[in-house]
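Input: a single structure, listed below in structure tokens.
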Number of protein chains: 2
Amino acid sequence: MQKPSLPKGTRDFGTVQMARRNYILDTIKGTFQLFGYNQIETPAMENLSTLTGKYGDEGDQLLFKILNSGDYLKNVGEEDLQNGYKQTLTKVSEKGLRYDLTVPFARFVVMNRNDLTFPFKRFQIQPVWRADRPQKGRYREFYQCDADVVGTDSLLCEAEIILMIRSVFEKLKLTDYSIKLNNRKILTGISEAIGEAGNEGPLCVAIDKLDKIGWEKVKEELSERGFASDSLEKLAPLVKLETDQAGKLAFLKKFLATSEIGLQGVSELEEVFQILTSMGENLDFVDMDIMLARGLSYYTGAIFEVKVNHVSIGSVSGGGRYDNLTGVFGLSGMSGVGFSFGVDRLYDVLEELGLFPEDSVQSTKVLLTHFDQKGFAYGLGLLKKFRAAGIKAELYPDLTKMKKQLEFASKKIIPFVGICGDSEIEANVIALKNLETGAQESVSLEEAVERLK
Amino acid sequence: MQKPSLPKGTRDFGTVQMARRNYILDTIKGTFQLFGYNQIETPAMENLSTLTGKYGDEGDQLLFKILNSGDYLKNVGEEDLQNGYKQTLTKVSEKGLRYDLTVPFARFVVMNRNDLTFPFKRFQIQPVWRADRPQKGRYREFYQCDADVVGTDSLLCEAEIILMIRSVFEKLKLTDYSIKLNNRKILTGISEAIGEAGNEGPLCVAIDKLDKIGWEKVKEELSERGFASDSLEKLAPLVKLETDQAGKLAFLKKFLATSEIGLQGVSELEEVFQILTSMGENLDFVDMDIMLARGLSYYTGAIFEVKVNHVSIGSVSGGGRYDNLTGVFGLSGMSGVGFSFGVDRLYDVLEELGLFPEDSVQSTKVLLTHFDQKGFAYGLGLLKKFRAAGIKAELYPDLTKMKKQLEFASKKIIPFVGICGDSEIEANVIALKNLETGAQESVSLEEAVERLK
């Protein structure tokens, strides 16, 4: 006999959590579909050759690896063992658990390139696994929820991503948030304009931390990374720029006058704004943020990030455009743009703000209760009719005290109880009790169905 | 540059497959909820101590094991290596991928016993992993779809499982199938009655194969397992029994007259039939099959199995009652009953019978197309209104030939195209073309919305 436990960093989702997660996921799914995105799924296990080298050295170490079946040591020699475990890894494990949904998606596109209809819009909602040190809010198994379109560089896609985020947030009753938008080309242009052409990599990494550590520290970091003090002086006015969207665009056009790619970034941003305007949207909710960088190096165009204001959790969604997602698997020229909702974070935000609707639990609507075998049999006859009307109904399965049956209903958050006692049986009715208000009345089955619908 | 591939025995689900799988799963989910079952999820990874020893030696070998992170060899000594890989397994791997949904559910119930409301009805739809040799129709990653109720021995649960199966099949338009029903206690009684008390284990294993290998071979197997020829002679009339349900019940009552447990099994079956009758159901679809055994040894009461007739795949669902699911984790006396739908098999059956509804693809309803920038801009203005009306709508994102846009719609199985040409723009209409019939007419946006709803 053993006391069971869960692996570190993993969770069960009980019925209430599941219902709430489904409320979020169904909302997101519905929106994705409204915009023409279709769902796919990929296997949890991928060949390690598909996964390694895609997430940097740190990422490689965080991959969960599957031990080969049978005698996993059969290809491991004395020498391998003496050289340490790293030498043996590829010999004892060929597969790993997926680390994100992006690399499997790229693999999927390459393997199915001849069958897919491009532009291909897909969404994918599946768990990913990372052997990270578990801590509050960080798990070793968690869901990602990605939407990407590949095979087009139309900026309509960027505009629609912004609209999908708005649509999801509206349905979730989230009103106080901002969608930060920038373009990687602008960051490249800035590095050119300040005399640090080709250094947009470290520039992005550093200014990505601007929110957290402030300009002075970012300046220090850039200095250490070899940025000239002259360059940093040129950068300062941008960092401190406080003006509206039109002001920012005007400033950038001057600032980036000598950088072709920088101006292209500005023009792409303008086109996204213009598309949104043509679609009848106002732009109040879009926060053009020249300092938004996002760490991931594969973005080449638009980048965005969504923050809910006044909650302890910050970013709940983000993404961007990439020019060469599938290049690593041998298919180049496949431009795309995608984004991701952080489901765990959205869950925490909705909980913090008390925004889960009461009926998100999707519980049974009515529990039929009874005092004896006769009432139980009467309840049996009613069950089918409730369910035929689409009403989630249960009959308490055991003969037991009414008090216990009512407690069951209350714990399971069942809003109504239908009592089947002798007098109800005689009059061919049920005593319908609203557990929230305590109100109780005898009604016919038809009336009960009407009320519970 | 590498050519990507999938691990053996795993699959991607593309958009059409996913939509069809969702059609099946949504149908099942809706039914489970109608009957008061709530969803839970457990992690893909479980501690190996939770998994091993639960599925027999063969099962243990089919577990996918996760390599410990970092220097996985650090606890492995010279001696371990000399003793072979089996000695080292527990030192290099602490976690495995779940093999089914039953053991994780038992663990969940034990760990959450103080927070759950019993009788606890849960369903769970998640992938499981088995390092089986891949072959046609057998995968290393596949979905299971389980519903169980624990904490009651009411036979209402058995009756409701039969009703849930019926309800799902009705919604899926599956009409030609049978639900085989038996009770493990009857099998125990039979082994007593034929003079082989205590040997119901091998008896079940052998007669489980009756369908496949026939009575002669089953008899041989039982003989080899030490059953007396006298016992087998007594068994023969049962195997060959051909009569209706009432006849079978009458026969069994005589046959099992000396076996208390056997008679209890018969009486449980009768009670299930009686509950179904009280619920207004006819019993035509229930096939009482005294020879149904099912291999799994943990069943102690009702057992059932569902076969679709006239298709190449047989059993698509099965389950039964167990008295001690959670005993292995230290919680005894938790009776329950559960069953499982084989999602992959249901998929294949529906495909074979051509029963997937055309709209199961859940595709975009209308694609707006254009000849030039002006038409594109006009389309932009329409998009929001279609979507506001809940109509899945897309605008082709690139300026390209109409032919290419129509091909895109046709490949993506989009039923309608809304053409935005100069004359449409001038008249403030769209040319709505039904891609199936080829019919085309100019309609106002409001009319288009009305038609597409």
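Sequence lines set the chain letters: A, B, ... in the order given, protein chains first and strands last, and positions in each chain run from 1.
Inter-residue side-chain proximity for B/Phe13 and A/Gln124 is flagged as unmet; no heavy-atom pair is nearer than 4.5 Å. Looking only at side-chain heavy atoms (C-beta outward), A/Lys412 and B/Asn38 come within less than 4.5 Å of each other. Using a 4.5 Å heavy-atom threshold, the side chains of B/Ile40 and A/Asp12 count as separate. You'll find the side chain of A/Trp129 reaches within 4.5 Å of the side chain of B/Met45, heavy atoms only. For the pair A/Gln39 and B/Thr15, the minimum side-chain heavy-atom distance is 4.5 Å or more. Residues A/Met279 and B/Leu383 have side chains in contact (heavy-atom distance under 4.5 Å, counting atoms from C-beta outward).
Only the side chain of A/Lys384 comes within less than 4.5 Å of a heavy atom in chain B; its backbone stays farther off. Using a 4.5 Å cut-off between heavy atoms, A/Glu94 does not touch chain B at all. In this structure, chain B has a heavy atom under 4.5 Å from the side chain of A/Leu156, while its backbone stays farther away. Proximity to chain A (any heavy atom under 4.5 Å) is restricted, for B/Phe120, to the side chain, taken from C-beta onward. Both the backbone and the side chain of A/Asp153 come within less than 4.5 Å of a heavy atom in chain B. With a threshold of 4.5 angstrom between heavy atoms, B/Leu399 does not approach chain A through any atom at all. With a 4.5 Å cut-off on non-hydrogen atoms, A/Ser167 does not touch chain B at all. Using a 4.5 Å cut-off between heavy atoms, A/Pro127 does not touch chain B at all. Only the side chain of A/Val92 comes within less than 4.5 Å of a heavy atom in chain B; its backbone stays farther off. If you measure heavy-atom distances from A/Phe376 to chain B, the contacts under 4.5 Å come from the side chain alone. Using a 4.5 Å cut-off between heavy atoms, A/Arg387 contacts chain B through both its backbone and its side chain. The part of A/Glu141 that comes within reach of chain B is its side chain, from C-beta onward, which places non-hydrogen atoms under 4.5 angstrom from that chain.
Summarising the geometry of A/Tyr143 relative to B/Glu41, their closest heavy-atom pair is OH-OE1, 2.8 Å, with the distance given to 0.1 Å. What you find for B/Gly36 and A/Thr364 is that their closest heavy atoms are CA-OG1, 3.2 Å. The two residues A/Lys392 and B/Gln33 make their nearest non-hydrogen contact at CG-O, 3.4 Å. Pairing each heavy atom of B/Pro119 with each of A/Pro397, the nearest pair is CG-CG, 3.7 Å. In terms of heavy-atom proximity, B/Phe35 sits nearest to A/Glu394 at O-CG, 3.7 Å. Annotation for A/Met111 and B/Ser5: closest pair SD-CA, 3.8 Å, computed over non-hydrogen atoms.
Between chain A and the residues B/Lys121, B/Glu407, B/Lys385, the most heavy-atom pairs under 4.5 angstrom are made by B/Lys121. Considering only heavy-atom pairs separated by less than 4.5 Å from chain A, the leading option among B/Ala159, B/Gly379, B/Gly30, B/Ala44 is B/Ala44. Taking B/Gly70, B/Gly381, B/Gly14 one by one and counting their heavy-atom pairs under 4.5 Å with chain A, the maximum is reached by B/Gly70. Counting heavy-atom pairs closer than 4.5 Å to chain B, the top residue among A/Ser93, A/Ala393, A/Ala131 is A/Ala393. Most heavy-atom pairs under 4.5 Å with chain A: of the set B/Val16, B/Thr42, B/Asp71, this distinction falls to B/Asp71.
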_Set out, in order, the CA-CA distance, both residues' side-chain angles and the distance that settles side-chain hydrogen bond (donor to acceptor under 3.5 Å, both in side chains) for A/Asp398 and B/Thr152, then state yes or no._
CA-CA 7 Å; A/Asp398 299 301; B/Thr152 173; 2.7 Å; yes
*B/Arg107 and A/Leu6: side-chain contact (heavy atoms from CB on, under 4.5 Å), yes or no, with the steps?*
CA-CA 9 Å; B/Arg107 176 198 54 68; A/Leu6 275 173; 3.5 Å; yes
*Dump the intermediate steps for side-chain contact (heavy atoms from CB on, under 4.5 Å) on B/Ile391 and A/Leu34, then the final yes or no.*
CA-CA 7 Å; B/Ile391 294 163; A/Leu34 196 61; 5.8 Å; no
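For the atom pair B/Leu62 CG and A/Ser69 OG, the distance stands at 8.0 Å (nearest 0.5 Å). Rounding to the nearest 0.5 angstrom, the gap separating the NZ atom in A/Lys411 from the CG atom in B/Leu116 is 10.0 Å. In this structure, NZ on B/Lys95 lies 11.0 Å from CD1 on A/Ile66, to the nearest 0.5 angstrom. In this structure, the separation between CG on B/Leu380 and CD on A/Glu281 is 10.5 Å, given to the nearest 0.5 Å.
In terms of the side-chain contact (heavy atoms from CB on, under 4.5 Å) criterion, residue partners of B/Thr88 (sequence neighbours excluded) are, by chain and number, A/Tyr72, A/Leu73, B/Val76, B/Asp80, B/Leu81, B/Tyr85. Residues forming a side-chain contact (heavy atoms from CB on, under 4.5 Å) with A/Thr326 (at least two apart in sequence, or on another chain): A/Ala106, A/Val109, A/Val110, A/Leu331, A/Met334.
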